[in-house]
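In what follows, chains are A, B, ... by sequence order, proteins preceding strands, each numbered from 1.
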Amino acid sequence: MIIQKDFYERDDVVLIARELLGTVLHTRIDNALTTGMIVETEAYCGSIDRASHAFPNRKTKRNHIMFDSGGKAYVYLIYGIHYLFNIVTNRSGAPDAVLIRALQPIQGIETMMRRRKKSSSERITSGPGSLSQAMAIDLNLYGEDLQGNKVWLEFSGNGTDPQEVVQTTRIGVDYAGEDAKLRWRFYYKDNPWVSKP
DNA sequence: TATAAGATTTACT
DNA sequence: GTAAATCTTATAT
């Protein structure tokens, strides 16, 4: 079942990050379908969180889609190399987003291996830059509606959380001072697809 | 206008 | 363990 807009428009971005674990991200790019279960997320709250690009409610050309209402894709280029995929949440004017950090591949694994230039399916979607490359996520998806025909999310069929969830601190945000200690990262314990430094 | 650093990954020493 | 790749934004001249 496709996740509806009201799921994303709630105001608790941390809760949404937790609930996105176990849902399935789909992209259909160049007529190739790729899907994967989300196993690692991080929450970013633009109004109070120094680690967010939108702190403190600052709108730029890069991040302006975060100020739109929830249920859109926020894609940006980091280090001039990697695209990171975020899901915009909350109401218009509240710049919250959830970063997708790792997937467990389900469909289109051959396609993902070709895009990643790997001959093995090992860890082709572990890490935010890697999964974007595997799913063909780039700036063409900036602001894309998550109920469209290019990128969307679905609840998994069984609706269960088969694995234990770990809540801990985020990665790569040491510059954010006290906010770097917020435990806004979620992942499935012992899942081999979770990103490891 | 110029410089520095970043929600990262990969290759090399 | 360290460095390079190289685009966007913020801060300082």
Looking at residues at least two apart in the chain, or sitting in another chain, which of them share a salt bridge (Lys or Arg N to Asp or Glu O under 4.0 Å) with [X]?
{"X": "A/Glu178", "result": "A/Lys181"}
{"X": "A/Arg185", "result": "A/Glu40"}
{"X": "A/Arg10", "result": "A/Glu19"}
{"X": "A/Arg116", "result": "none"}

Task: Interatomic distance where NZ belongs to A/Lys196 and P belongs to B/dT10 [whole Å] - done: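 In whole Å, B/dT10 P lies 15 Å from A/Lys196 NZ.
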Cut-off 3.5 Å, no hydrogens considered: what does the side-chain donor-acceptor table look like for residues 22-34 of chain A, sequence neighbours left out?
unit_1  : atom_1 : unit_2   : atom_2 : d
A/Thr23 : OG1    : A/Leu20  : O      : 2.7
A/His26 : ND1    : A/Val24  : O      : 3.1
A/Thr27 : OG1    : A/Thr34  : OG1    : 2.7
A/Thr27 : OG1    : A/Met135 : O      : 3.1

Task: A/Lys5: side-chain contact (heavy atoms from CB on, under 4.5 Å) partners, not counting sequence neighbours - done: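 Testing A/Lys5 for side-chain contact (heavy atoms from CB on, under 4.5 Å), a comparison that skips the adjacent residues, returns A/Glu9, A/Ser69, A/Lys72, A/Gln147.
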Task: Test side-chain contact (heavy atoms from CB on, under 4.5 Å) applied to A/Ala43 - qualifying residues, sequence neighbours left out - done: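 A/Ala43 satisfies side-chain contact (heavy atoms from CB on, under 4.5 Å) with A/Val13, A/Val14, A/Ala17, A/Trp184 only.
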So which of [range] are in contact with DNA chain C, with a heavy-atom cut-off of under 4.0 Å?
{"range": "residues 40-54 of chain A", "value": "none"}
{"range": "residues 95-133 of chain A", "value": "none"}
{"range": "residues 58-88 of chain A", "value": "A/Arg58, A/Thr60, A/Lys61, A/Arg62, A/Leu77, A/Tyr79, A/Gly80, A/Ile81"}

- [ ] Can you tell me which residue pairs pass the salt bridge (Lys or Arg N to Asp or Glu O under 4.0 Å) test with a partner in residues 123-144 of chain A, sequence neighbours excluded?
- [x]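 Residue pairs with at least one partner in residues 123-144 of chain A: there are none.
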- [ ] Report yes or no: do A/His53 and A/Tyr44 form a side-chain donor-acceptor pair below 3.5 Å?
- [x]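 Absent: no donor and acceptor within the cut-off.
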Open item on the list: We want to know whether A/Asp190 and A/Gln163 form a side-chain donor-acceptor pair, criterion being a heavy-atom distance below 3.5 angstrom.
Closed with: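 No - no donor-acceptor pair under 3.5 Å links their side chains.
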Task: Atom pair OH (A/Tyr74) and OH (A/Tyr76), whose distance is rounded to the nearest 0.5 Å - done: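 Output value for this atom pair is 6.5 Å.
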- [ ] Check whether any side-chain heavy atom of A/Thr41 lies under 4.5 Å from a side-chain heavy atom of A/Ile100, and answer yes or no.
- [x]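 Side-chain contact under 4.5 Å: yes.
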- [ ] Anything below 3.5 Å on both distances counts as a pair; with that, list the stems of at least three consecutive Watson-Crick or G-U pairs involving DNA chain C.
- [x]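 Stem list for DNA chain C: B:1-6 with C:7-12, B:8-12 with C:1-5.
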